[in-house]
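Remarks on the structure that follows.
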Protein chains: 2
Amino acid sequence: MQAQTPFLGTFRNKVDRKGRVSVPAPFRQVLAGESFQGVVCFLSHKVEAIEGCGMGFMSELSESVADMDLFSDNHQDLASSLFADAHPLAWDSGGRIQLPPELMDVAGITEEAAFVGMGKTFRIWEPKAFSTYQGERRSQARQKGLSLPLRRAKEE
Amino acid sequence: MQAQTPFLGTFRNKVDRKGRVSVPAPFRQVLAGESFQGVVCFLSHKVEAIEGCGMGFMSELSESVADMDLFSDNHQDLASSLFADAHPLAWDSGGRIQLPPELMDVAGITEEAAFVGMGKTFRIWEPKAFSTYQGERRSQARQKGLSLPLRRAKEE
DNA sequence: GACATCATGGGATACCATGGGAATTCATGG
DNA sequence: CCATGAATTCCCATGGTATCCCATGATGTC
C-alpha cells in the first residue's frame, strides 16, 4: 500500500452559524480514495486545537490497538483516549463538515477556522491562536536548529 | 479482509422504563453489514461498565478460543467468562436494544447510558461514572506520556 | 473572456431519538 | 396439555436536528 499523500499547507475558512466549515479542497483530495468521505476529529492533548485525520488513519490506529492483548490495560487506555473522543464527520456535497460545538468551544473557534497540514494528520485552529502558536514554534525552531532524518517512502 | 470501521465517539442516550435505549446511529452503521442486526453485550471485568461488540467480533473471539486446547483450563476460563455471560441483543426497527437488568444493575445504569467507542468494541456506561473514569484516564495518560507504535493496515 | 472549481449562504427533508401502546411469545403453574 | 400472566417484540407517532440539496459569487486557469 502506498504512502498517503501528506496534508500540506494552511487554509483559513469561514464557520457559519450552523457550525459548518469547508474542508479545504486539497485536504479533501488527500482523502478522496477513502471509502468514508469525511474526517475524524478529536481534541488535541498538546495544544488548544482540534486534531483531524482520515478514517483510514483511524482504522490503522484501531488495528494497532487491536494487536494488543484484548482487555489489557494498554488496550483499554489507548482505546479510551483515541476512540472515545473521536468524531467522525462526513463532509457534504460541497465539502463542508459540521464541527461539534464542544470541539469548537475548547479550540475557541467562532467565525473562522484555520486548517493546518501536519503530514499524516492536520489541525484545526482558531486563526489568531494559531498565529500566536506559530510565532512561538518558529522561534523555538530557530533556537534549536531544526533538522529531520529523511527516509524513503516504502512501497509494497 | 479489510479493517472494520472502528467504533468512535461518545453518545449519551436515554434509557426508558422498559430498559430500552437507542444504539447510536453511527454504531449501527458500523454493524450494518453484519447478518445479525444487533450487538452482543457482557459485563466488563475491568471496569464497572458493559462491554459491547458485533456478532462478527464475537465469532472471531470464538475462533481464537477454539484454537486453544479443547477442555484446557484456559479454554474453559475464557469460554466461561466470554460466551456464557454474553447477551445477544437485536435492535428493533428504530435501533433500540433492551438492556438486561443484571447488566444495568452492575453498571449502575438507570435513566441514561453513555455509549463509548473503543475501536473494535464499545462500552456502555452510566454517564457520571464514565465522566469520573475519563477524568482519571486523561490524567494518567498525560503523566505516562501516551504513545503508540503505528503499523500499516494489512490488506488481503 | 469563458469556464470550472471552491467557498459560502440558505432552506427543506429525512433521519434520529424518544414516547407509548398493542400484539406476540415464552415461561410457569395447574 | 392448556391457560394465564409477564415479558418481549413490533409498530406507530412526534419533535428536533443533522443531512442533503440548490444557488451564487469569487477566484483561478485556460
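We use all heavy atoms of the structure for the numbers below, so side chains are in, but hydrogens, waters and symmetry mates are not. Order of the sequence lines fixes the chain letters, A, B, ..., with proteins taken first and strands second; residue numbering starts at 1 for each chain.
- The interatomic distance linking B:Trp91 (CH2) with C:dC16 (P) rounds to 11 Å, in whole Å.
- Within 4.0 Å (heavy atoms only), B:Gln29 reaches sugar-phosphate atoms of the nucleic acid but no base atom.
- Classified by interplanar angle (parallel below 30°, tilted 30° to 60°, perpendicular above 60°), the ring pair B:Phe122/B:Phe27 is tilted.
- Taking the six-membered ring for Trp and thresholds of 30 and 60 degrees, A:Phe130 and A:Trp125 have ring planes inclined between 30 and 60 degrees apart.
- The nucleotide whose nearest atom lies closest to any side-chain atom of A:Lys14 is, among D:dC21, D:dC12, C:dT8, C:dT8.
- Note on B:Asp16: nothing from the nucleic acid sits closer than 4.0 angstrom, heavy atoms only.
- No hydrogens or angles considered: a donor-acceptor pair under 3.5 Å links the side chains of B:Gln134 and A:Asp85.
- Each of C:dA7, D:dC20, C:dA17 was ranked by its minimum atom distance to the side chain of B:Ala25; first place goes to C:dA17.
- In this entry the distance linking CZ of A:Arg96 with C1' of D:dA23 reads 11 Å, nearest Å.
- The side chain of A:Lys18 lies closest to C:dG10 when the candidates are C:dG21, C:dG10, D:dC11.
- C:dA17 atom C1' lies 12 Å from atom CD of B:Glu112, rounded to whole Å.
- Using a 4.0 Å cut-off between a side-chain N of Lys or Arg and a carboxylate O of Asp or Glu, A:Glu63 and B:Lys120 qualify as a salt bridge.
- Using a 4.0 Å cut-off, no side-chain N or O of B:Gln98 falls inside it from OP1 or OP2 of D:dA7.
- Salt-bridge check for B:Lys14 with B:Glu112: failed, with every basic side-chain N at 4.0 Å or more from each acidic carboxylate O.
- Here the side chain of A:Asn13 is nearest to one of C:dT8, D:dC11, D:dC21, namely C:dT8.
- Looking at heavy-atom distances under 4.0 Å, A:Arg12 makes no contact with the nucleic acid at all.
- Rounding to whole angstrom units, CD of residue B:Glu102 and C1' of D:dA7 are separated by 13 Å.
- Contact annotation: side chain of B:Arg17 to base of C:dG20, donor-acceptor pair absent below 3.5 Å.
- In this structure, the CG atom of A:Asp92 is 14 Å from the P atom of C:dG9, given to the nearest Å.
- In this structure, A:Gln37 atom CD and D:dT19 atom P are separated by 15 Å, rounded to whole Å.
- To the nearest angstrom, C1' of C:dA17 lies 15 Å from CZ of B:Phe27.
- Residue B:Arg20 places no side-chain N or O under 4.0 Å from the OP1 or OP2 atom of D:dA7.
- The distance from atom CD1 of B:Ile97 to atom P of D:dT8 is 13 Å, rounded to the nearest whole Å.
- Residue B:Val23 is classed as a sugar-phosphate contact, given heavy-atom separations below 4.0 Å to backbone atoms only.
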